[in-house]
Amino acid sequence: MNQKYMLPLAGVVLLFLLAYAGVEGAGLQWFFGIVIPYLAVIAFIWGFVNRVMGWADSAVPFRIPTTCGQEKSLPWIKQNRIDNPDTAWGVFIRMVLEIFLFRSLFRNTKAAFHRDENNRLSYSWEIFLWLGALAFHYAFLVTAVRHLRFFMEPVPWCLKALEYMDGIVQLGLPNIFMSGLVLLAAALFLLARRIFDAKVSYISLAADYFPLFLIIGIAVTGIAMRYFTKVDVVGVKEFTMGIVTFQPVIPAGVGPLFYAHLFMVSVLIVYFPMSKLMHMGGIFLSPTRNMANNTRAKRHVNPWNYAVDVHTYEQYEDHFRDKMIEAGLPVDKKE
Amino acid sequence: MSKNAIIAGLVVFVATALFPFWFNIGGSNAAPEIELSERAKAARYCVLEKYDMRAEHMSLLDEWRDSVVRDADRLYKGTNGKSFNMSLSTGEDSCLGCHTDKEKFCDRCHNFVSVAPYCWECHTTPEEVTR
C-alpha cells in the first residue's frame, strides 16, 4: 500500500461514481452527456495548442542530437545514417522509427546486482517495457479509430475492414474485439510494473498512476458495456451523432455506465494537455531526436546573437602602445 | 524545429482531433426507424422487453444457438412468462417468422452502427429461399 497509487485509484473510483450516481440518482444525463464533453473538447484543444506553442517559443540554440552510431566522417569510415543522421532525410527516418516503433525504448536496459559473491553491477537488455508500450499504444490507437463508427454515418468501408480484422477471431456474440482486450492487458502490465518493480515503484508518482487507472477504468467500462451489461448501441450512436452535429439528444434506454465511460474519457482529455500524456505532441519536438548531427559540416549561429562590441588586439595595442614600448614588450606597429 | 513547421503540425493535429465535428457538418442525429410487420405489431410483445431486446438480442441468439446445436433444446421460457421456439429463420414460429423483413428490421440498425453479424453466413432469410 502506497499513497502514490492509492490516491489516484480512489480519485478514479470517485470520478466513476460521480458520473454513475449523477446519472442514475440525479438524472444529470444532460450534464455528464452534453455539458462536460463539449467543455472537455474545448479544454483539450486549447490546452494542447497552448502547450505546444509554449514549446515552440522555447529556444533550441544548439544541435544536441543523441548520437547512437558513427558520425559522418572520412569517406572510408562507414557512417550510421539513421542513428547519427547528418541529413534531413536521415532525421526523418529516425523520427518515423521512433514514433511508430519506439526505437529508443527498444534499447531499454536494466541495472541489477549479480546475486553471487562478486555482487557485481551489470546491465542487461530489458525488452518488456517496449513490448508492453507498443501493445498499449497500438491497441489504444485501434480502439480510438474503431470508435469513429459512432461519429460517421454511413460508416466507411475502411472502418468496417478494421473492425473485421479486429474481430477476426470471431469469439462470442458480439464479436470479441482484440484491441480492447490487449489495451486492458497492456495497461494492467504497465501498472503492475510500477507497483511491483521496486526500482520503478520508487520513481513513480501519482501523476504516473492516475492516467493508468483512468485508462484502465475506461477500458473496463467499455468492455463491460460491450460484453457484459450491454448497452443500446443504436441509442448511443444517436447520442454521439447528436453531439457532433450540435443537435444533442439524450436517448432513452442508455444506462449510467455509458455516461460513466464518457465522463472518464472527458476527464482524460481534459487532463491530457497538463500531464505527461503530452508526450504525444512532445515526441515530435524532442531536440535530441529531431536534429541532424551536422555541426562539423555546417555553421549554426545562435539565433539571438547580437552584435558584440569587441576590443581587438589592434585597438588594445593602439591604446597601450607607449606603455608597452616603455616596458620593452614587443608591438606590431612601432608608431 | 522551425516554428512554422510546428504550427503546420498543430493545424493538422487539431483538424484530425476535430474530425467528427467538421465531417458531420450538415449531418443529422436521426437514428433509423425499424418497421415492424403486421404480425409483430399485433403481438405487442417479444422475447424480452424493448430496450433489453435492443441491447441483449445478440447474446440471446448466441445462447439459443448453443442450446439448439448442443442440447437439441428448442424451448425458451421468457421472463414475461411466454414460451418461444428457439429458431432464427425457420418457420412461422421463429425470429424471422414474425419480423419478416430482414432489411427493414435487422439491417437498418446493424448498418447504422456498423455491425456485420455472421448469422447470415449459415442462415438464409425465408425471402431468399422463396426467390
Side-chain angles (χ1 to χ4, degrees), chain A residues 41 44-45 48-49 52-53 55-57 60 146-156 159-160 163-164 167 170 172-175 225 227-249 251-255 269 280-281 284-287 290-291, chain B residues 1-34 48-66 88 106-119 121-122:
Chain A
V41 169
F44 174 67
I45 298 290
F48 200 103
V49 169
V52 173
M53 288 316 289
W55 290 335
D57 284 338
V60 188
R146 249 196 311 108
H147 275 72
L148 282 177
R149 77 173 163 134
F150 293 113
F151 299 101
M152 294 169 91
E153 176 53 35
V155 179
L159 276 187
K160 289 185 173 162
E163 288 185 326
Y164 176 78
Q170 266 200 4
L173 259 179
N175 259 348
M225 271 191 291
Y227 305 105
F228 301 109
T229 66
K230 297 288 193 299
V231 69
D232 171 16
V233 189
V234 174
V236 168
K237 182 152 183 182
E238 222 181 319
F239 168 83
T240 51
M241 290 302 287
I243 291 288
V244 293
T245 54
F246 299 104
Q247 304 154 12
V249 281
V254 173
I269 66 172
M280 180 187 188
F284 293 93
L285 304 184
S286 339
N290 68 11
M291 299 183 127
Chain B
M1 246 176 149
S2 80
K3 205 163 175 178
N4 287 342
I6 295 174
I7 291 171
L10 260 185
V11 168
V12 171
F13 172 76
V14 171
T16 312
L18 295 179
F19 167 78
F21 291 97
W22 56 259
F23 182 80
N24 284 303
I25 290 172
S28 90
N29 61 4
E33 293 284 323
I34 53 170
L48 301 173
E49 295 299 315
K50 182 177 165 190
Y51 287 110
D52 287 341
M53 207 58 203
R54 278 201 195 180
E56 299 273 0
H57 67 277
M58 73 299 284
S59 302
L60 192 72
L61 288 171
D62 196 27
E63 285 161 26
W64 282 19
R65 176 177 60 179
D66 286 350
L88 177 64
C106 306
D107 295 350
R108 280 193 183 167
C109 287
H110 285 162
N111 291 340
F112 181 61
V113 292
S114 176
V115 170
Y118 54 76
C119 313
E121 288 174 14
C122 301

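Computation of the quantities below employed the complete heavy-atom set of this structure, encompassing side-chain atoms and omitting hydrogens, waters and symmetry-equivalent molecules. By convention in this document, chain letters (A, B, ...) are assigned in the order of the sequence lines, proteins followed by strands, and residues within each chain are numbered from 1.
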Assert top hit (heavy-atom pairs under 4.5 Å, partner chain B, pool A:Met241, A:Lys230, A:Glu238) equals A:Lys230
(message) If you define the side chain from C-beta out and look only at heavy atoms, does anything of B:Ile6 sit under 4.5 Å from A:Trp55?
(response) no
Heaviest contributor of heavy-atom pairs below 4.5 Å to chain A, chosen from B:Phe19, B:Tyr51, B:Phe112, is B:Phe112
Quiz item: Side chains of B:Leu18 and A:Val41: closer than 4.5 Å at any heavy-atom pair?
Solution: yes
Residues A:Asp232 and B:Arg54: closest non-hydrogen pair is OD2-NH1, 2.8 Å
Looking only at A:Met152, A:Lys160, A:Met53, the option with the highest number of non-hydrogen pairs under 4.5 Å against chain B is A:Met152
Can you tell me if B:Asn29 uses its side chain to pair, donor with acceptor, with the backbone of A:Gln247 under 3.5 Å?
yes
The interface call for A:Met280 against chain B, heavy-atom contacts under 4.5 Å, is side chain
| request: Check whether any side-chain heavy atom of A:Val233 lies under 4.5 Å from a side-chain heavy atom of B:Val115, and answer yes or no. | output: no
Given A:Tyr164, A:Phe246, A:Phe48, the one with more heavy-atom pairs under 4.5 angstrom with chain B than any other is A:Phe48
If one checks every heavy atom of B:Ile25 against chain A at 4.5 Å, the contacting part turns out to be neither
Counting heavy-atom pairs under 4.5 Å with chain A, the top scorer among B:Gly9, B:Ser28, B:Ala17 is B:Ser28
Minimal heavy-atom distance between B:Asn111 and A:Val155, with the atoms involved, is O-CG2, 4.5 Å
When the 4.5 angstrom heavy-atom criterion is applied to A:Val231 and chain B, the contacting part is backbone
